[in-house]
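All remarks here apply to the structure that follows.
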Amino acid sequence: MTTEQKKRDRDRPWLMRTYAGHSTAEASNALYRRNLEKGQTGLSVAFDLPTQTGYDPDHVLALGEVGRVGVPVSHLGDMRRLFQDIPLERMNTSMTINATAMWMLALLQVVAEEQGADITTLQGTTQNDIVKEYLSRGTHVFPPGPSLRLTTDMITYAVNHIPKWNPINICSYHLQEAGATPVQEIAYAMSTAIAVLDAVFASGQIPRERHGDVVARISFFVNAGVRFVEEMCKMRAFGRIWDTVTRERYGVQDPKQRRFRYGVQVNSLGLTEAQPENNVQRIVLEMLAVTLSKDARARAVQLPAWNEALGLPRPWDQQWSLRIQQVLAHESDLLEYDDIFAGSHVIEAKVAELVEQATAEMAHIAELGGVMDAVESGYLKSQLVAAHAERRARIESGEEKIVGVNVYESTEPNPLTADLDRAIMTVDPAGEARVVAALHDWRIARDQPRTDKALAELRAAAVGAENLMPATLECARAGVTTGEWSSALRDVFGEFRAPTGVSSAPVAVTADAGGELADVRRKVARTAAELGDGRLRLLVGKPGLDGHSNGAEQIAVRARDAGFEVVYQGIRLTPEQIVSAAVAEDVHCVGLSILSGSHAALVPDVLARLRRAGVDDVPVVVGGIIPAADAEELRAAGVAAVFTPKDFGITVIIGRIVDEIRRANKLEV
């Protein structure tokens, strides 16, 4: 093949994105424009947790969370500032948003209209997969039935009015983060897609002849782990099952409409705090899993930064991840060839195995009544908690090796992290107050009668059966806020607390005589006896809006197996609720899990409330992504112990919790 032929046949590069957003709409807009100037070809908007869970920045649950893990968008004015000088008509914009996806799409559409755009040309994606929120990420708001209605209304609206927009991507990414095996990732994601498509077609809002148009707009968002051969086979299996389901179940004949279309963020769960420079090669291997195989190549890729296990990446760190993609796409010859794995009997055998096992699990979920029933029964959550517990046990035993963590731990001094305070970006705590003040100004300046009328019409639409998107668009134009839109729907739909999966998770580590867990069990029993209690009681609490509950669940399961009575009420609790539970249950220790970075605001609040309740003798331990300087401040404030991702031994953590209980009660350690 000549050089000219190679150029003509060269596959086009995937969309290159960086998941980004922080502090304020203005700061995020500046970051987006800088990233686009560096060669990024699409935007991936990270929203903060209040925005994702439908709260305004001045809500009690938003304390410490505003602008921390993403950009706060409270109303149309924020969305205008977020995309100022960025022409949406020429941009491919991905928005990681689920429970409030309809609201964010409405705001974006109105901003695009104000820019003079033809909305039929808008391209991008709203994540909008609520099932995985119940299972792993925790930014759900409404119960499954109303959530599926919101998704259905949004998909039908987009297909009819914004035909190039992907109104949902079925998201298996966070399932892997929660411990899912490749088989579980495929089966749960496909079962979700089936539930969504069944609901859309049953709604009657799309004529039969346009069913293929709906299928063509369903996209997926996946995770790619470091076992890159298996991950590549997983993507080929995904494609084959999707082709079969869309052809046989829905009768879609056009192969282009049946194509498995996916974007990817490579694995963040596998990034380590210990020797974080190793994360670079992990990221590269994970990217290869979704780019090497042309027949299963991602059409959009976003990479984490090497230091995400330490805190919020800086713009330079995000640039490094972008350059990794650009080198592969533009310097290598990868895009010049057809699928380089075609005909490989090794790859074919693995793909066939994954297809068979995933199809069997899909059939089992169907027998349970479908994915929504499997969520409400707790089956899916308990399976994920169990799978994650098994993986953690393999890491702790050394069966699964992680370089720099449980093998090859010795290291030279790391120049990248010599100054930890400068190795990550910090969010100015004063920014939250400025965002709240701006929100109050917005409320004062808007046309309040129009706002009230729009909210009343939204509630009326929710009570009825009409599509909710037109009423939502009017709310956006009328100056309604994110919290007000969500509150109106909460009034009608109610809220949902997902099953935790902790009580039904099987034992992952046996308490064999002479083993580590057996020693901790004996220490737990001895301490309880010395204190005159039948059992030690541990409260595992997640204050604020951080819904990443994997770590908390694993601590709860292992503490249970070590003989603790565990009080775990799930996610999204106020400090007041946590302290009330600690007092009511008369616990011996309070463990707080916070991964969003809001520990500096929430932990002191819990400590102060415990003191006022007269239980300041109960030790408080904290786990999360906590920089060293913050950890020192927490200990100075009265926290007994701080655990970060480098503390991977869960049984060891449970043993240390017992030690803190003994110290607090003046027992020998």
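Checking Lys542 against Gln569 by side-chain atom types alone, no donor-acceptor pair falls below 3.5 Å. For the residue pair Asp630/His599, the side-chain donor-acceptor check at 3.5 Å is satisfied. There is no side-chain donor-acceptor pair under 3.5 Å between Gln275 and Asn414. Side-chain contact check for Glu231 and Gln176: at least one donor-acceptor pair (N or O, by modelled atom type) lies under 3.5 Å.
Residue Leu595 comes nearest to His548 through the heavy atom pair CD1-O, 4.1 Å, listed as atom of the first residue, atom of the second, then distance. Contact record, Ser486 with Gly54: OG-CA, 3.1 Å, taken as the closest heavy-atom pair. The minimum heavy-atom distance between Gly225 and Asn267, with the atom names listed, is CA-CB, 3.9 Å. Across all non-hydrogen atoms, the minimal contact from Phe142 to Gly494 is CD2-O, 3.6 Å. Nearest approach of Phe564 to Arg535, heavy atoms of both residues: O-NH2, 2.8 Å.
Figure legend: cation-pi geometry between Arg137 and Phe221 absent, as NZ or CZ is not positioned both under 6.0 Å from the six-membered ring centre and within 45° of its axis.
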Discussion item. With salt bridge (Lys or Arg N to Asp or Glu O under 4.0 Å) as the criterion, how do Glu660 and Arg656 come out once you've worked through the C-alpha distance, each side chain's angles and the decisive distance to 0.1 Å?
Written reply: CA-CA 6 Å; Glu660 296 303 335; Arg656 289 180 60 188; 5.7 Å; no

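Judged as a ring-ring contact (aromatic ring centres under 6.0 Å, His included), the pairs with a partner in residues 354-393 (not counting sequence neighbours) are, in order, His364-Tyr379.
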Under 3.5 Å, which donor-acceptor pairs link side chains of residues 608-615 to any protein atom two or more places apart or in another chain?
{"from": "Arg609", "atom 1": "NE", "to": "Asp605", "atom 2": "OD1", "distance (Å)": "2.9"}

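A salt bridge does not link Glu65 with Arg68: none of the charged nitrogens is closer than 4.0 Å to a carboxylate oxygen. Salt bridge status for Glu553 with Lys381: present, with a side-chain N to carboxylate O gap under 4.0 Å. A salt bridge does not link Arg282 with Glu286: none of the charged nitrogens is closer than 4.0 Å to a carboxylate oxygen.
Applying the side-chain hydrogen bond (donor to acceptor under 3.5 Å, both in side chains) test to Asp533 and every residue at least two apart in sequence or in another chain returns His588.
The neighbour count for Glu356 CD, taken as heavy atoms of other residues, nucleotides or ligands under 6.0 Å away, does not exceed 12.
For an aromatic pair to be called close, the ring centres must be under 6.0 Å apart, and Tyr134 with Phe496 satisfies this.
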